[in-house]
Amino acid sequence: MSFPDQRLRRLRRTPALRRLVAETRLDVDDLVAPLFVKEGIDQPEPVVSMPGVVQHTQESLRAEVRALAALGVPGVILFGIPARKDPEGSSADAPDGVVQQAIRALRDDVGDSVVIMADACLDEYTDHGHCGLLRADGSVDNDATLDRYASIAVAQADAGVDIVAPSGMMDGQVAAIRGALDDANYPETAILAYSAKYASALYGPFRDAAECAPQFGDRRGYQMQPANAREALDEAALDLAEGADMIMVKPALSYLDIIASLRSSFDVPLAAYHVSGEYAMVKAAAERGWIDGDAVALEHLLSIRRAGADFVLTYFAREVAEALTRD
Ligand code: PBG
C-alpha cells in the first residue's frame, strides 16, 4: 500500500456511493408528529414561538392528521388544552375531554393507518401548571398523582388510543397505568414511557403552545437533572420492569449520549423527543438567514437516529416527510 492513499475519500466521491455506504437513514417511518388541540376555539391559533405549529381545532386537527397519513407518517402524539383548568386537572380524564374527543374523531378518520398516541400528564389541565396534584406546601404529591394518571390513561384507552405516553416523571407511574389499563380490560394499549425526561430549558415554546407553564416553582423536583447520565439507566430499567413497552429520551440533541447509552443497554424500541426549543432555535436562525433550516433539521434528525433512536417525535415531522417523499 502506498501512502497517502485515499481509502476513506474513495467512497465519498459521488452521491450514489455515499448513499450506498450510509450507515444511518432517516425515513418517513421514523417520524411522530406532536399535535396540539385546544377546546373552544373556531380557528387554529399559531404558536408564536414555534413558527408553523398551531393550536388546532378539532376540525383542523383532523385535516392535519389526514395529511400526515397521506404522507405515510406512522404516528401522532396529542396534547390537549382544555377550556377550564382546576387544581386536579379534572378535564384530563373526562370522557368528553378535548383529547378524548380528538382520539375518537381521528380513529374514525384514519382507522389503524396512523398510530394514535396521547400524552398522559396533568400540567396542561391544572391551573397551577404542575404535572401532579399539590400538597398544601406546594410540592407535588407523587402517590396521589398516580391515581390521576391511571384514570387519564383509561379515559384515553376508552377513546381508542393506541399508546399512552406518561410524561410526568412520577415514580411508579408506569406500573400504575399498566395496572389500570389491564384492570379496565385494555391489555393491548401500549405504554411509551418518557423514561429519561430532563428538567430542560428547551421546553419553553411548548409551554406557550400547551399553555402549561408552572405558575410557581419549576419541575426540577420531579424531572431529571441535566448533570446525570447513569440515572437514566436506572429510570429506564424501572420503567421496563413496571411494564413499559417503549422508552424515550427527552430532549434529544443535548442528550445524544443518553440515547446511545440506553440503546446499548436495552433492546426495546427507543424514542427521542426533539423538543419545542430545539425546533424553535432552528426556525429562528433560519428566519434570519443565518442557517439553512431545512438542512439543519435533517442533520439534527439523522444525528438522533445515529445515536440510536428508533423513532423521533418532532415538530418537523410534516415538513421532513414532505421533503423525503419529494426526493
Ligand atoms: C409535560 C410535557 C412537556 C413537554 C412534553 N410533555 C412540558 C414540560 O415537561 O414542561 C415538552 C415538549 C416540548 O418541549 O416539545 N406534559
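As the structure lists them, so they are numbered: ligands from 1, and atoms in each ligand from 1. Throughout, residue positions are numbered sequentially from 1 according to the sequence presented.
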Legend entry - From Y198 atom OH to Y203 atom OH, the distance as rounded to the nearest 0.5 Å: 9.5 Å
Legend entry - Distance-only donor-acceptor check, side chains Y194 and D119, under 3.5 Å: yes
Legend entry - Any pair counted as side chain to side chain donor-acceptor pair (under 3.5 Å), so long as it reaches residues 275-298, sequence neighbours left out: K283-E319
Legend entry - F206 and E124, any side-chain heavy atoms less than 4.5 Å apart: yes
Inset, instruction - Would you please name every residue forming a salt bridge (charged side-chain N to carboxylate O under 4.0 Å, His left out) with E45, sequence neighbours left out? - result: K38
Legend entry - Contact list for residues 147-187, test ring-ring contact (aromatic ring centres under 6.0 Å, His included), sequence neighbours left out: none
Name each N or O atom in ligand 1 that is under 3.5 Å from a protein N or O, and give the partner atom and the distance.
from, atom 1, to, atom 2, distance (Å)
ligand 1, 6 (N), K250, NZ, 3.2
ligand 1, 9 (O), K197, NZ, 2.7
ligand 1, 9 (O), Q223, NE2, 2.9
ligand 1, 10 (O), R207, NE, 2.7
ligand 1, 10 (O), R207, NH2, 2.6
ligand 1, 10 (O), R219, NE, 2.8
ligand 1, 10 (O), R219, NH2, 3.3
ligand 1, 14 (O), S276, N, 3.3
ligand 1, 14 (O), S276, OG, 2.7
ligand 1, 15 (O), S276, N, 2.8
ligand 1, 15 (O), Y315, OH, 2.6
ligand 1, 16 (N), D119, OD2, 3.1
ligand 1, 16 (N), D123, OD1, 2.7
ligand 1, 16 (N), D123, OD2, 3.4
ligand 1, 16 (N), E124, OE2, 3.4
ligand 1, 16 (N), S167, OG, 3.1

